[in-house]
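Working notes, beginning with the structure itself.
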Amino acid sequence: MAFATGLMARGWLDQFAPLSRFQMKQPTDQERSQIEAIDQPAMLADVSHWAGINTGTANLPGLKILAAQLADAFSVLPGDTELVSPSPVTAIAPDGSEVEKDHGQHMVLRVRPDAPRRFLLTGHMDTVFPSDHSFQDLTWLDNDTINGPGTADMKGGLAIILHTLQAFERGEHAAGVGYDVLINSDEETGSLASSALIEELARGKAAALTYEPSALPDGTLAHARGGSGNYSLTITGKSAHAGRNPLDGRNAIVAAAALAVALKALQTEDISVNPARIDGGAANNVVPDHAVLRFNIRPKNPAAAEAFQAAMRALIGEIQQSHEVSISTHGGISRPAKPVGRKAQALFDLVRDCGAMLGQTIGWQSTGGVCDGNNIANVGVPVVDTMGVRGGSIHSPDEFMIVSSLSERAALSTLVLNRLASGPLSLGKTT
């Protein structure tokens with residue numbers, strides 16, 4: 001492993017000066033030893049095995065198998081592993097009824113829970129590929145690139161968490177701090193069954209690292225993130241014969257269409273609105289009395305989300321009155337916007353500087369994508385949420401992982417944890 005003298009952080013706020021001076025130290029002999037012991041072939045074997053188990057979010061048998069295997073794999077670390085039941089989640093069926101959605105268990109590891117300084121590391125075991133999807137196998141694209149479901153997003157990240165913590169535990173600083181690891185089963189569908197658990201585990205932590213793949217194949221991190229919300233609006237009208245007495249009906253499809261157009265008109269530079277689907281309708285000779293409108297919003301900041309909510313409520317009232325229908329609302333903001341404040345930026349700077357000391361160039365850029373980092377930041381904990389492998393084309397059959405990034409990013413995380421654990425000042429609890 002080559003180590004390079006990197007440029008250190010400049011322009012930190014005065015209160016971070018003690019930590020900045022501590023960071024000036026190049027990797028110690030022990031840190032070098034920890035990093036050199038990272039076993040990339042073992043990491044690749046883990047990823048290959050885990051990617052061979054289909055864990056689409058709805059594939060509960062596959063998730064059950066992997067959750068048990070992850071609990072076993074992480075049991076080599078000190079602390080206790082636990083499989084936690086998902087929180088109840090409901091959805092709106094096409095007929096407008098509210099139904100429960102089943103999810104897999106989440107794996108949690110708690111190490112030294114009474115330590116005065118503790119961290120959170122998170123990942124997810126689910127993928128976007130269901131059990132009947134054609135993309136199930138691993139294929140080598142070249143001698144450093146592998147194509148396979150979930151290799152980048154994010155079974156590679158799970159291997160980095162495990163092997164990072166094994167390396168970290170070999171060092172002198174581990175005994176003085178604690179950490180929790182959460183690997184949830186529903187990140188790809190918004191973490192509705194794990195959001196309360198994420199918030200519970202995040203509270204009080206000095207910092208958090210999440211192992212989504214890098215924003216770009218070169219290792220660029222995702223910086224500030226917008227938020228996301230999903231809604232289902234159920235419109236109930238009145239049926240009638242389309243020929244004999246159409247004026248007696250109240251057309252739910254027409255009301256849903258008017259609502260979709262009006263919602264789209266609420267889009268601004270600070271929030272995108274995407275009407276995605278209308279369920280409902282009846283035979284051509286029947287005025288439809290039922291429809292479900294589904295849409296997504298992506299607010300760039302909390303203020304935009306709040307303004308949209310108010311405008312949506314007013315719009316629903318107008319449509320109900322003008323179309324003489326009733327409308328019920330299901331859903332809301334599942335991923336709050338994630339701005340990057342001063343202390344969160346200090347964590348980004350630390351990651352960058354540790355990367356420089358390892359010969360890795362680490363940059364960042366803002367993104368419209370969302371992940372569990374949004375939920376962590378929402379409780380005031382500094383988080384860097386793209387500490388996983390370098391790769392790309394996620395959520396498609398072209399998904400790939402750069403194999404050498406397994407040990408590369410594990411080395412980065414090991415050094416980051418050492419500096420977080422040994423620094424004279426934690427990054428605090430607010431962004």
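What you see is a predicted model, and the numbers here were worked out from it, not measured in a lab.
- At a threshold of 4.5 Å between non-hydrogen side-chain atoms, the residues Phe168 and Ser413 do not count as touching.
- Between atom CG of residue Leu417 and atom OG of residue Ser422 there is a gap of 10.5 Å, rounded to the nearest 0.5 Å.
- Legend: residues meeting side-chain contact (heavy atoms from CB on, under 4.5 Å) with Thr361, ordered by chain and number and at least two apart, are absent.
- Proximity of Val351 to Trp364: side-chain heavy atoms (C-beta onward) are nowhere separated by under 4.5 Å.
- Using cut-offs of 30° and 60° for the angle between ring planes, the Tyr231 and Phe295 rings count as parallel.
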Go through Ile92 and Glu98 one step at a time and tell me if the side-chain contact (heavy atoms from CB on, under 4.5 Å) criterion holds. CA-CA 5 Å; Ile92 300 300; Glu98 187 172 4; 4.1 Å; yes

Using side-chain contact (heavy atoms from CB on, under 4.5 Å), reason through Arg225 and Thr386 one step at a time and then give a plain yes or no. CA-CA 12 Å; Arg225 291 182 181 269; Thr386 39; 3.5 Å; yes

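- Using a 4.5 Å heavy-atom threshold, the side chains of Ser191 and Asp186 count as touching.
- Annotation: ring-ring contact (aromatic ring centres under 6.0 Å, His included) contacts of Trp50 (sequence neighbours excluded): none.
- Taking OH of Tyr179 as the start and CG of Leu120 as the end, the distance is 12.5 Å to the nearest 0.5 Å.
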Walk me through whether His124 and Glu212 qualify under side-chain contact (heavy atoms from CB on, under 4.5 Å). CA-CA 8 Å; His124 63 87; Glu212 294 289 345; 3.2 Å; yes

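- Atom NE2 of residue His133 and atom CG of residue Asn54 lie 10.0 Å apart, to the nearest 0.5 angstrom.
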Contacts under 3.5 angstrom, residues 296-304 side chains, donor-acceptor by atom type, not counting sequence neighbours:
| from | atom 1 | to | atom 2 | distance (Å) |
| --- | --- | --- | --- | --- |
| Asn296 | OD1 | Arg298 | NE | 3.0 |
| Asn296 | ND2 | Ser228 | OG | 3.1 |
| Asn296 | ND2 | Gly229 | O | 3.1 |
| Asn296 | ND2 | Asn230 | OD1 | 2.9 |
| Arg298 | NE | Ser228 | OG | 3.4 |
| Arg298 | NH1 | Gly368 | O | 3.2 |
| Lys300 | NZ | Glu269 | O | 3.0 |
| Asn301 | OD1 | Ala303 | N | 3.3 |
| Asn301 | OD1 | Ala304 | N | 2.7 |

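- A ring pair (Phe, Tyr, Trp, His ring centres under 6.0 Å) check over residues 301-342, counting only residues at least two apart or in different chains, returns nothing.
- Residue Val325 comes nearest to Ala255 through the heavy atom pair CG2-CB, 4.1 Å, listed as atom of the first residue, atom of the second, then distance.
- Every residue was checked against the ring-ring contact (aromatic ring centres under 6.0 Å, His included) condition with Phe74, not counting sequence neighbours, and none meets it.
- Counting non-hydrogen atoms of neighbouring residues, nucleotides and ligands closer than 6.0 angstrom, the CG atom of Asp80 reaches no more than 12 such neighbours.
- Within a 6.0 Å radius of NZ in Lys238, other residues, nucleotides and ligands contribute 12 heavy atoms or fewer.
- The shortest distance between side-chain heavy atoms of Met43 and Arg409 does not fall below 4.5 Å.
- The line from CD1 of Ile376 to SG of Cys371 is 7.5 Å long, rounded to the nearest 0.5 Å.
- In this view, Val128 and Glu188, His395 satisfy the side-chain contact (heavy atoms from CB on, under 4.5 Å) rule, not counting sequence neighbours.
- For Asp46, the salt bridge (charged side-chain N to carboxylate O under 4.0 Å, His left out) criterion is met by no residue, not counting sequence neighbours.
- Distance OG1/Thr164 to CG/Leu415: 11.0 Å, rounded to 0.5 Å.
- Shown here are the salt bridge (charged side-chain N to carboxylate O under 4.0 Å, His left out) partners of Glu324, two or more places apart in sequence or in another chain: Arg250.
- A 4.5 Å side-chain heavy-atom check between Ser404 and Arg390 finds at least one atom pair inside the cut-off.
- Leu209 places none of its side-chain heavy atoms less than 4.5 Å from the side chain of Phe119.
- Distance NE2/His106 to OG/Ser185: 4.5 Å, rounded to 0.5 Å.
- With sequence neighbours excluded, the residues satisfying side-chain contact (heavy atoms from CB on, under 4.5 Å) with Thr127 are Thr55, Phe129, Lys155.
- Among Asp279, Asn274, Ile278, the single residue meeting the side chain to side chain contact (heavy atoms under 4.5 Å, CB included) criterion with Arg294 is Asp279.
- With 3.5 Å as the limit, one finds a donor-acceptor pair spanning the side chains of Thr220 and Asp218.
- Counting heavy atoms from C-beta outward, Gln40 and Val403 have side chains that approach closer than 4.5 Å.
- For the residue pair Asp398/Ser393, the side-chain donor-acceptor check at 3.5 Å is not satisfied.
- A pairwise comparison of heavy atoms in Pro275 and Ala260 identifies CG-O, 3.6 Å as the closest pair.
- Under a 3.5 Å cut-off, the side chain of Thr151 and the backbone N or O of Asn147 do not form any donor-acceptor pair.
- For the side-chain contact (heavy atoms from CB on, under 4.5 Å) test, residues two or more places apart in sequence or in another chain that qualify with Asn378 are Glu199, Pro336.
- Side chains of Ile146 and Trp140 form a contact here, defined as non-hydrogen atoms less than 4.5 Å apart.
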With side-chain contact (heavy atoms from CB on, under 4.5 Å) as the criterion, how do Tyr211 and Leu121 come out once you've worked through the C-alpha distance, each side chain's angles and the decisive distance to 0.1 Å? CA-CA 8 Å; Tyr211 287 80; Leu121 293 83; 3.7 Å; yes

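- In this structure, the salt bridge (charged side-chain N to carboxylate O under 4.0 Å, His left out) partners of Asp180, at least two apart in sequence or on a different chain, are Arg118, Lys205.
- Listed for the Gln360 side chain is a donor-acceptor partner under 3.5 Å among the backbone atoms of Glu408.
- Ion pairing between a basic and an acidic side chain is recognised when a charged N comes within 4.0 Å of a carboxylate O; Asp385 and Lys338 show such pairing.
- Applying the salt bridge (charged side-chain N to carboxylate O under 4.0 Å, His left out) rule to Arg335 yields the partners Glu187, Asp372; only residues at least two apart in sequence or on another chain are considered.
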